[in-house]
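To start, the structure under review is shown below, and the notes come after it.
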Amino acid sequence: MKVKSEKIVVYQLITRLFGNKSTTNKPYGTIEENGVGKFNDITDKALIELKKLGINHVWYTGVIEHALLTDYTEFGIPLDDADVVKGRAGSPYAIKDYYDVNPDLAEDVSSRINEFKELIERTHQNDLKVLIDFVPNHVARAYQSDQNPSSIADLGSGDDPSKPFSPNNNFYYIPDQAFQVPSDYLPLGEYDFPTKDGVFEEFPAKATGNDQFTETPSKDDWFETVKLNYGVDYQNGSSQHFDPIPNTWIKMLDILSYWTKKGIDGFRCDMAQMVPVPFWNWVIPKIKEINPDILFIAEIYEADKYRDYIFDGQFDYLYDKVELYDTLRNIVEGKANTDHIPDVWKRQEGISQYMLRFLENHDEQRVASNFFASDPFKAIPAMA
């Protein structure tokens, strides 16, 4: 495995927020009320200033098309059901079409892919690399690709939904049961959507993204998503069925190949630990045949599995959330002292060079917030 001689420095950029000039921030507000940033707002000037920070990779968050409540039916994009979308803007991790980009981010919706391709080129011209999210564990409840190649069947199109598990299925099913929207889920604000009726038609129900094999997930589950099947029968001892190669593996390989050929320099792999290591061992080398320098970063929260995902899974970097981040946060909050830091070093002996370390990202509270330190300057000693 190739060891990087110099670590990357990543700037996470929330695409819909970066260029948004509106400060309304109305709960459950419309796109007209709250505004939205566009790909074209990330200009040469912006990228030059980012480069001055010392970064070399920009992680564009929320690029791939996900379920949301803006109506783009005039562009051939189906309207999402408000009962299985969290907020009007939706979650960037409830992917609706792996082969498309979020139409909210385009000045011209019909040219949205080209606008993103131009952003990739602009980023490269400013000597920066492009990272995007790859969300392999789950998709939006109403996933339907209208941009996938004709040679690639859509997810679930060949499934046998009468079986709770089959290695040939892309999803897991709860046979003979209809999916039920959590009865206590109510979006904030006025419910002015014709699709907000407490019902989402899905029969038989599919398992929910956070491994809930039930037709009645709770509002605190990832109920707006469905779990993808990589050949692990979780309800029967987590038995593995990897020979022959599961159909989901082949479809994910095509998706990663598609974006790699578009010029993407790396993937931050959402909840990589919920996808079996053998899949990563199989797919990452295949993508590196297309681009040997492409990076794979794993979001992982179980430190005892770090080495599995590095050496068997062949990831370039892993999130160091549960060890160094949590330790530093506890120190800043007065819950621990610096004596705990060497313990992290010892546990990570031989793998420290694979750790992607951070003090903030979209899943964590800002250092300056009242939920954390209430003072941005407390980040300085932690960063050091």
Side-chain angles (χ1 to χ4, degrees), residues 4-21 35-66 89 91-93 95 98 100-107 112-136 255-256 258-270 272 287-288 290-299 315-321 325 354-364 366-367 379 383:
K4 310 301 178 188
S5 58
E6 184 175 339
K7 278 198 173 186
I8 62 173
V9 182
V10 178
Y11 183 93
Q12 183 181 12
L13 188 153
I14 310 295
T15 44
R16 69 178 302 114
L17 296 181
F18 186 83
N20 184 17
K21 298 177 179 63
V36 63
K38 305 290 185 179
F39 292 132
N40 292 349
D41 291 326
I42 307 166
T43 61
D44 284 312
K45 171 66 172 172
L47 293 165
I48 288 167
E49 295 302 317
L50 291 179
K51 180 73 175 176
K52 288 179 182 178
L53 295 175
I55 68 164
N56 45 41
H57 286 67
V58 186
W59 166 16
Y60 292 118
T61 305
V63 167
I64 307 300
E65 184 183 354
H66 60 268
S91 164
Y93 299 99
I95 300 298
Y98 278 119
D100 207 345
V101 298
N102 181 357
D104 273 359
L105 306 177
E107 298 283 359
R112 58 193 180 277
I113 289 284
N114 285 333
E115 288 187 21
F116 181 55
K117 286 172 63 177
E118 289 169 358
L119 174 59
I120 296 172
E121 293 168 3
R122 201 157 55 244
T123 306
H124 288 161
Q125 288 165 1
N126 284 283
D127 195 28
L128 292 165
K129 302 286 189 181
V130 174
L131 302 176
I132 64 169
D133 287 288
F134 173 53
V135 188
I255 290 159
L256 287 166
Y258 172 84
W259 289 109
T260 300
K261 291 172 183 177
K262 285 271 191 286
I264 298 303
D265 302 295
F267 299 96
R268 176 266 185 189
C269 299
D270 183 75
I287 297 301
K288 293 204 173 194
I290 302 171
N291 177 4
D293 295 321
I294 202 161
L295 296 179
F296 280 81
I297 300 168
E299 180 188 18
F315 275 93
D316 296 287
Y317 297 104
L318 309 183
Y319 266 36
D320 190 15
K321 192 274 193 230
Y325 170 84
Y354 300 104
M355 295 293 106
L356 182 69
R357 300 197 167 104
F358 58 88
L359 289 177
E360 293 185 339
N361 64 37
H362 69 281
D363 284 319
E364 308 299 338
R366 303 302 300 264
V367 176
M383 177 63 76

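Among all heavy-atom pairs drawn from A379 and L359, the shortest one is O-CD1, 3.6 Å. The shortest non-hydrogen separation linking L128 to H57 is CD2-N, 4.5 Å. Heavy-atom minimum distance, A272 versus F315: CB-CZ, 3.9 Å.
Exactly one residue among F358, Y325, Y354 makes a ring-ring contact (aromatic ring centres under 6.0 Å, His included) with Y319. That residue is F358.
Looking at heavy atoms from C-beta onward, E115 lies out of side-chain contact with L105 at the 4.5 angstrom threshold. A heavy-atom distance below 4.5 Å is not found between the side chains of I64 and H66. Proximity of T15 to V63: side-chain heavy atoms (C-beta onward) are separated by under 4.5 Å at one or more points. Side-chain atoms of K262 and I113, non-hydrogen and from C-beta on, do get closer than 4.5 Å to each other. Between R122 and L119, the closest side-chain pair of non-hydrogen atoms falls below 4.5 Å. For the pair I95 and E65, the minimum side-chain heavy-atom distance is 4.5 Å or more. Within the 4.5 Å cutoff, the side chain of I297 has heavy atoms near those of the I8 side chain. Annotation: side chain of I255 is in contact with side chain of F134 (closest heavy-atom distance under 4.5 Å).
For the salt bridge (Lys or Arg N to Asp or Glu O under 4.0 Å) test, residues two or more places apart in sequence or in another chain that qualify with R16 are D104.
The backbone N or O of D363 sits less than 3.5 Å from a side-chain atom of N361, completing a donor-acceptor pair. Checked by atom type and distance alone, the side chain of W259 pairs as donor or acceptor with a backbone atom of Y98 at under 3.5 Å.
Between the OH atom in Y317 and the CG atom in L356 there is a gap of 8.0 Å [rounded to 0.5 Å]. We find the CD1-NZ distance between I120 and K129 to be 12.5 Å, quoted to the nearest 0.5 Å. Atom CD1 of residue I264 and atom NZ of residue K117 lie 11.5 Å apart, to the nearest 0.5 angstrom. A distance of 11.0 Å separates CZ of F116 from CD of E121, quoted to the nearest 0.5 Å. Distance CG/N126 to CD1/I42: 12.0 Å, rounded to 0.5 Å.
Residues E49 and K52 are paired through a salt bridge, judged by an N-O separation under 4.0 Å between the basic side chain and the carboxylate.
Here the two rings, on H362 and Y93, have centers that are under 6.0 Å apart.
Between F267 and F296, the ring planes lie tilted relative to each other; the angle falls in the 30° to 60° range.
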